[in-house]
Number of protein chains: 2
Amino acid sequence: MDSIQVGDFKFRLDLSKPLYEQVLQHIRQAIARGDVQLGTKLPSVRDLAQQLKLNPNTVMRAYQELDRDHLTETRRGQGTFITSNSETVEQVKKALAREAVIAFVSSMKNLGIDRSTTESFLKEVTWHE
Amino acid sequence: MDSIQVGDFKFRLDLSKPLYEQVLQHIRQAIARGDVQLGTKLPSVRDLAQQLKLNPNTVMRAYQELDRDHLTETRRGQGTFITSNSETVEQVKKALAREAVIAFVSSMKNLGIDRSTTESFLKEVTWHE
DNA sequence: TTAAGTGTCATATTTGATATAATACACTTA
DNA sequence: TAAGTGTATTATATCAAATATGACACTTAA
């Protein structure tokens with residue numbers, strides 16, 4: 001259990017990818033899953049940085065990308081808040097799902113694996129929700 | 001069409017990932033797909049490097065990883081040859097497919113998307129072989 | 001008004017993986 | 001022997017990521 005709980009969010013960081021990207025993904029997924037209430041405030045840049053032992057700039061980069069996707073809104077002097085627009089969340093969620101599907105299908109096709117075989121592979125996976 | 005044909009292999013390199021990794025993937029996928037005959041010789045390290053305008057060390061790194069997976073065998077002074085063991089190829093192919101499936105399922109679960117919804121997404125994809 | 005907490009910006013520096021450059025060595029084959 | 005193989009070594013260059021540090025503008029509550 002090398003994951004860190006900060007507010008409503010759980011983070012598990014490693015060296016496989018850029019840290020700012022991992023922070024971004026964790027928060028984005030929490031929002032997409034509905035693990036956090038819409039409209040609530042994210043931890044402050046400095047807070048999160050301190051708790052994750054990261055540089056504030058690294059956290060800020062993640063927050064700015066969330067803003068770009070309109071998953072968050074930043075109010076100067078107040079903080080960064082999760083959007084209250086559930087439709088935006090739904091759109092982003094679908095977009096991310098689509099990306100994942102495209103990447104997956106591409107991988108399988110690159111291996112020369114056809115549709116039905118891919119579906120078979122998928123059926124073999126035990127799916128703990 | 002910014003892809004380069006070298007022997008039986010087609011390469012399309014970009015800046016999204018390490019070059020040695022892309023070279024590795026292209027060759028690995030060609031073998032897995034059965035696009036190249038088992039037992040045949042890969043382009044020499046120097047040849048491939050020259051044609052792809054890469055450093056020989058970069059190509060060598062890709063070749064060494066292929067060797068590690070036993071997809072190729074290197075004979076000193078002769079070159080690097082694709083394995084003749086079709087079972088090995090089949091194993092690697094399955095392993096790569098499994099990896100892709102695992103990663104995909106993980107992504108979908110991280111988004112809070114269940115199995116049946118995932119299957120629906122998959123059905124929406126047009127699958128040109 | 002003030003102080004603390006917010007996001008933001010700018011600049012410089014460090015770090016680590018990637019890639020290149022240039023040689024050299026050992027082996028095989030024609 | 002010469003040309004073609006893979007391999008190893010050392011040095012250097014490059015670039016994105018991450019850090020360090022300090023400053024600024026705004027909001028809120030004391």
Side-chain angles (χ1 to χ4, degrees), chain A residues 4 6-9 11-28 31 39-83, chain B residues 4 6-9 11-28 31 36 39-84:
Chain A
I4 305 177
V6 182
D8 296 339
F9 300 92
F11 295 89
R12 186 200 312 282
L13 305 181
D14 55 47
L15 302 174
S16 66
K17 281 186 300 188
L19 296 170
Y20 78 89
E21 209 172 302
Q22 296 182 55
V23 173
L24 164 66
Q25 284 187 351
H26 273 105
I27 298 177
R28 195 165 53 184
I31 299 174
T40 60
K41 186 175 168 299
L42 292 186
S44 82
V45 168
R46 289 177 179 81
D47 257 19
L48 187 54
Q50 190 175 25
Q51 302 210 45
L52 298 182
K53 295 174 184 168
L54 300 180
N55 192 281
N57 293 333
T58 304
V59 173
M60 190 182 65
R61 186 164 173 186
Y63 278 22
Q64 287 178 333
E65 292 214 29
L66 289 168
D67 262 27
R68 233 171 279 144
D69 291 345
H70 302 100
L71 279 180
T72 58
E73 288 174 15
T74 287
R75 305 177 201 148
R76 193 168 188 105
Q78 297 182 44
T80 300
F81 298 80
I82 300 173
T83 182
Chain B
I4 306 177
V6 183
D8 296 340
F9 301 92
F11 295 89
R12 185 201 314 283
L13 304 181
D14 54 49
L15 301 174
S16 66
K17 282 185 300 186
L19 297 170
Y20 77 90
E21 209 171 303
Q22 296 182 54
V23 172
L24 164 66
Q25 284 187 352
H26 273 105
I27 297 177
R28 196 166 52 184
I31 298 174
V36 288
T40 59
K41 185 174 169 299
L42 292 185
S44 82
V45 168
R46 290 176 179 83
D47 256 19
L48 187 54
Q50 190 175 24
Q51 300 210 44
L52 297 181
K53 294 174 184 168
L54 299 179
N55 190 282
N57 294 332
T58 304
V59 173
M60 191 181 64
R61 185 164 175 185
Y63 279 22
Q64 286 178 335
E65 293 215 26
L66 289 167
D67 261 27
R68 232 171 281 143
D69 291 344
H70 302 99
L71 278 180
T72 58
E73 287 174 15
T74 287
R75 305 177 201 148
R76 195 169 187 104
Q78 298 183 42
T80 298
F81 297 80
I82 301 173
T83 181
S84 296

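Lettering follows sequence order; numbering is per chain, from 1.
The base of D/dA20 sits within donor-acceptor range of the side chain of A/Asn55, with an N or O pair under 3.5 Å.
Residue A/Tyr63 has no polar side-chain atom (N or O) positioned under 4.0 Å from OP1 or OP2 of C/dG7. Contact check, A/Arg75 against D/dT27: no side-chain N or O comes under 4.0 Å of OP1 or OP2. Between A/Ser44 and the phosphate of C/dT6, there is a side-chain N or O to OP1/OP2 separation shorter than 4.0 Å. Distances shorter than 4.0 Å separate some side-chain N or O of A/Thr58 from OP1 or OP2 on D/dT19. Considering only side-chain N and O atoms, A/Gln78 lies nowhere under 4.0 angstrom from the phosphate OP1 or OP2 of C/dG5. Contact annotation: B/Tyr20 does not reach the phosphate of C/dA19 (side-chain N/O to OP1 or OP2, under 4.0 Å).
Taking every side-chain heavy atom of B/Gln64 into account, D/dA8 is the closest of D/dA8, C/dT8, D/dT5. Out of D/dT5, D/dT21, C/dG7, the shortest distance to the side chain of A/Arg76 is found at C/dG7. Side-chain atoms of B/Met60 lie closest to D/dT7 of the nucleotides D/dT9, D/dT7, C/dC9. The B/Leu19 side chain lies nearest to C/dA19 when the options are D/dG6, C/dG7, C/dA19.
Annotation for A/Asp14 and A/Leu19: closest pair O-CD2, 3.8 Å, computed over non-hydrogen atoms. Smallest separation of non-hydrogen atoms from B/Gln22 and B/Leu13: OE1-CA, 3.3 Å.
In this structure, A/Asn57 places its CG atom 15 Å from P of D/dA23, rounding to the nearest Å. Following rounding to the nearest Å, A/Glu65 (CD) and C/dT8 (P) show an atom-to-atom distance of 13 Å. Atom CG of B/Asp67 is separated from atom P of D/dT5 by 16 Å (rounded to the nearest Å).
Remark: side-chain polar atoms of A/Asp69 are not paired, donor with acceptor, to backbone N or O of A/Leu71 under 3.5 angstrom. Side-chain atoms of B/Thr72 come within 3.5 Å of backbone N or O of B/Asp67 as a donor-acceptor pair.
In terms of position on DNA chain D, the residue among A/Pro56 and A/Glu21 whose nearest nucleotide sits closer to the 5' end is A/Glu21.
Among the candidates B/Ile27, B/Ile4, B/Val23, the single residue satisfying the side chain to side chain contact (heavy atoms under 4.5 Å, CB included) test with B/Phe9 is B/Ile27.
Within 4.0 Å (heavy atoms only), B/Arg46 reaches at least one base atom of the nucleic acid.
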